[in-house]
Structures are given as structure tokens and as C-alpha cells.
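A quick write-up on the structure given underneath.
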Amino acid sequence: MKRYLPVARQHFLAAAASTSVVVKALCGTVLALYCLSFLTNTVHGLGVTPGYLFPPNFWLWTLLTHAVVESHIWDVCVGLGAVVVAGRLLEPLWGALELLVFFAVVNVSVGILGGFSYLLTYVATFNLDYLFTVRIHGMSGFIGGVLVALKQTMGDTVVLTVPQVRMKDVPMMGLLLVTILRLTTLLSSSLLASYGYGVLSSWVYLRFYQKHSRGRGDMSDHFAFATFFPEIFQPLVSMVANVIYSVLVKIRICKKTVKRYDVGAPSSITISLPGTDPQDAERRRQLALKALNERLKRVEDQVAWPSMDEDDKDDLSDMPLLPETSRSNGDDSGAAEHNAFPGLSSGS
């Protein structure tokens, strides 16, 4: 293990050095606040406490600061890794400003939704611990958001070969793992809430509200909410999600999907949904072409095709220059000519 630590440290530093100012600032803030935690209780002052978030206290700044507050070194390492991965894979596609907006939207949503959840739990149980003992902090919500964004941008990428796991399956597998660890009391409930609301809020933002060159959101089928679940549950989840979406459209929280028909196109009628990125379609075409080429190559390696030239040579070598009947007829005709003109044959 000690042999791989310097290599991992070198790769991490190289990746962090090639990122933007936003990524470096986030990493530096996490490290600075972790060092500060040895002198004062940063989790209490900068983390979301449900009882202090709502009136009469209104600790609203904690919605922006809770994500960069960590109390354990392993949490710091995981959080820094998530920020660097986002900088390497998402920032080239979105830009530094959009990555910062995504970070803020996800973490503010995690703080608000988590605070409301614990407030409702207090209303149901009258246990003050849910208001003043629980602390929502750390990068777990942002980690869930990054996994959802990677599902959107590189969902077909294989991250594990045995068993085969694709990137599009990782967000829900992570939620399942965190839930199991919470049931075994190895993780706190605030971490489960942060990760779950991070996945949900990031999907809502990327699906309906993120601005890009083709409008807002991503309404493509591969990023539907039902695709987060196994295929056996997708029809039921899709039906429920469509009902909820229809209600949100009626109350004007979400906009209805608009189809644009280009009847003047030189080929056939084209339909484009707002939010679908042509780069994503091109990426999928390239992946399909690569898979097809690999499949054809495997078939060619398994089947040895006979050589056409060698078969032709074998057939020609076995074939006589003249048929037997023609050869016999030629001999008979020569004999007849010799008998009919004996003088010509003797030279007289």
C-alpha cells in the first residue's frame, strides 16, 4: 500500500495543477477549513443545523458553506477527489463558471431539502435532536451530483468489467450502498440525506434548468428519471414520473417539452428536443461504430475465409486444356485428311 501512495499523490497533484481557479479555490477552502477545525468547531458554525436554518435564527450562510466543511481526513480526501474529477471531466464541457453554478445549486438544494426533512421528522417525533444535534455538512451531496452529471455525459462508459458496471448505473448503486451502510449504523443519517438529495437536485437542474447552446435542460430519453432504476422497474417509475411531471407543468414549475419540426430539411423531417446536445448524439454514434467494428473483427478472427486465388489455381490445374471429345475428334479429322491427300503428306 505504501508503494502506491506516492504515485497516487503525484497523479492527484498533476490533475489538480491542470485545473482551473475554481477547482483550486474549492480544494484550498476544504483544506483550510479542515486545518481550522483543530482550533474551533467549524461544523457547528458553518454546517447546516436544521433548528438554526429556519426562523428565528436564519443561518442562511450555512447553505453555501456546509459543503466545504469536513471533520475527518478521509472525508477530505474523498471530497477533494470529487472536485478534481469534476474539474477534469465536467469543466471542459461546461466551463469553470457553470461548474461553480452547479456546485452552488446542488449544495444549496441539499441544505434546504435536508433541513426541511429533519424539520418534518421533528414534527412527527417531537425529538429535538433532529433540529439541534444533526449537522449537514461535507461533499456527499456534491459527489452524488457529479455522478449524475457523469451519467449524463458518459453513461455508456464501462467503469468495472467483472461484473460489468457502466457509469449510468453508478449513482443508484452508490445510493444503495450508502443506504445499507446507514442501516448498519456505519454512516450518519445526514450523509444519506445529503447524497440522496444531491442526486435528486442535480438531476432536476441538469434535466430542466441548465443553460447551454441549445436552450435549457436535457430532455433526451437516456437521461429520464426512470433510467436510474433497473429495467424491470422502469415502466412503473416512468408512469409515476410522468404524472408528477404533468402536475409540475400545470402549476408552471416545469415547462412542457416542445418539439420543433424542420420540414424544409433536405432529407426527411427532423425533430429536435430542446436540451439535446449534438455532441452527445455524435458520441453515441462513435461508440456504436466502435462496438460494431470490434464485433466484426471478432467474427473475422473466428472464421478463416478461403482464398479465392488459391481455389482458382487449383481448379485451373485440374482442368484439361481441351475436352476429351474435342481431342479425339481432332485426331480423327487429322487421320482422315492424311488418307484423303496422301500426296501432300509425302511431299510429292
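In what follows, every heavy atom counts, from backbone to side chain, and hydrogens, waters and symmetry copies are set aside. Position 1 is the first residue of the sequence; numbering continues from there. Note that the structure is predicted; figures quoted are calculated from it, not measured.
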Query raised in the report: Is Thr65 reaching over with its side chain to a backbone N or O of Leu46, donor-acceptor style, under 3.5 angstrom?
Result: yes
**Report entry** Ser190 side-chain N/O to Arg135 backbone N/O, donor-acceptor pair under 3.5 Å
**Finding:** yes
Requested in this report: Could you label the plane-to-plane angle of the Trp203 and Phe228 rings as parallel, tilted or perpendicular, counting under 30° as parallel and over 60° as perpendicular?
Outcome: perpendicular
Query raised in the report: Where does the angle between the aromatic ring planes of Trp74 and His72 fall among parallel (under 30°), tilted (30 to 60°) and perpendicular (over 60°)?
Result: parallel
**Report entry** Leu99 backbone acceptor or donor facing Glu91 side chain under 3.5 Å
**Finding:** no
Requested in this report: Ignoring hydrogens and angles, tell me if any N or O in the side chain of Asn242 forms a donor-acceptor pair with the backbone of Ser238 under 3.5 Å.
Outcome: yes
Query raised in the report: Are the side chain of Ser202 and the backbone N or O of Val199 linked by a donor-acceptor pair below 3.5 Å?
Result: yes
Query raised in the report: Are His66 and Trp59 an aromatic pair by the rule of ring centers under 6.0 Å?
Result: no
Query raised in the report: Hey, does the side chain of Arg166 reach the backbone of Gly155 with a donor-acceptor pair shorter than 3.5 angstrom?
Result: no
Query - CG-OG1 distance between Asn127 and Thr133, expressed to the nearest 0.5 angstrom - result: 7.5 Å
**Report entry** OH/Tyr205: more than 12 non-hydrogen atoms of other groups inside 6.0 Å
**Finding:** yes
Report task. Check whether the ring centres of Phe58 and Tyr52 lie less than 6.0 Å apart, and answer yes or no. Result -> no
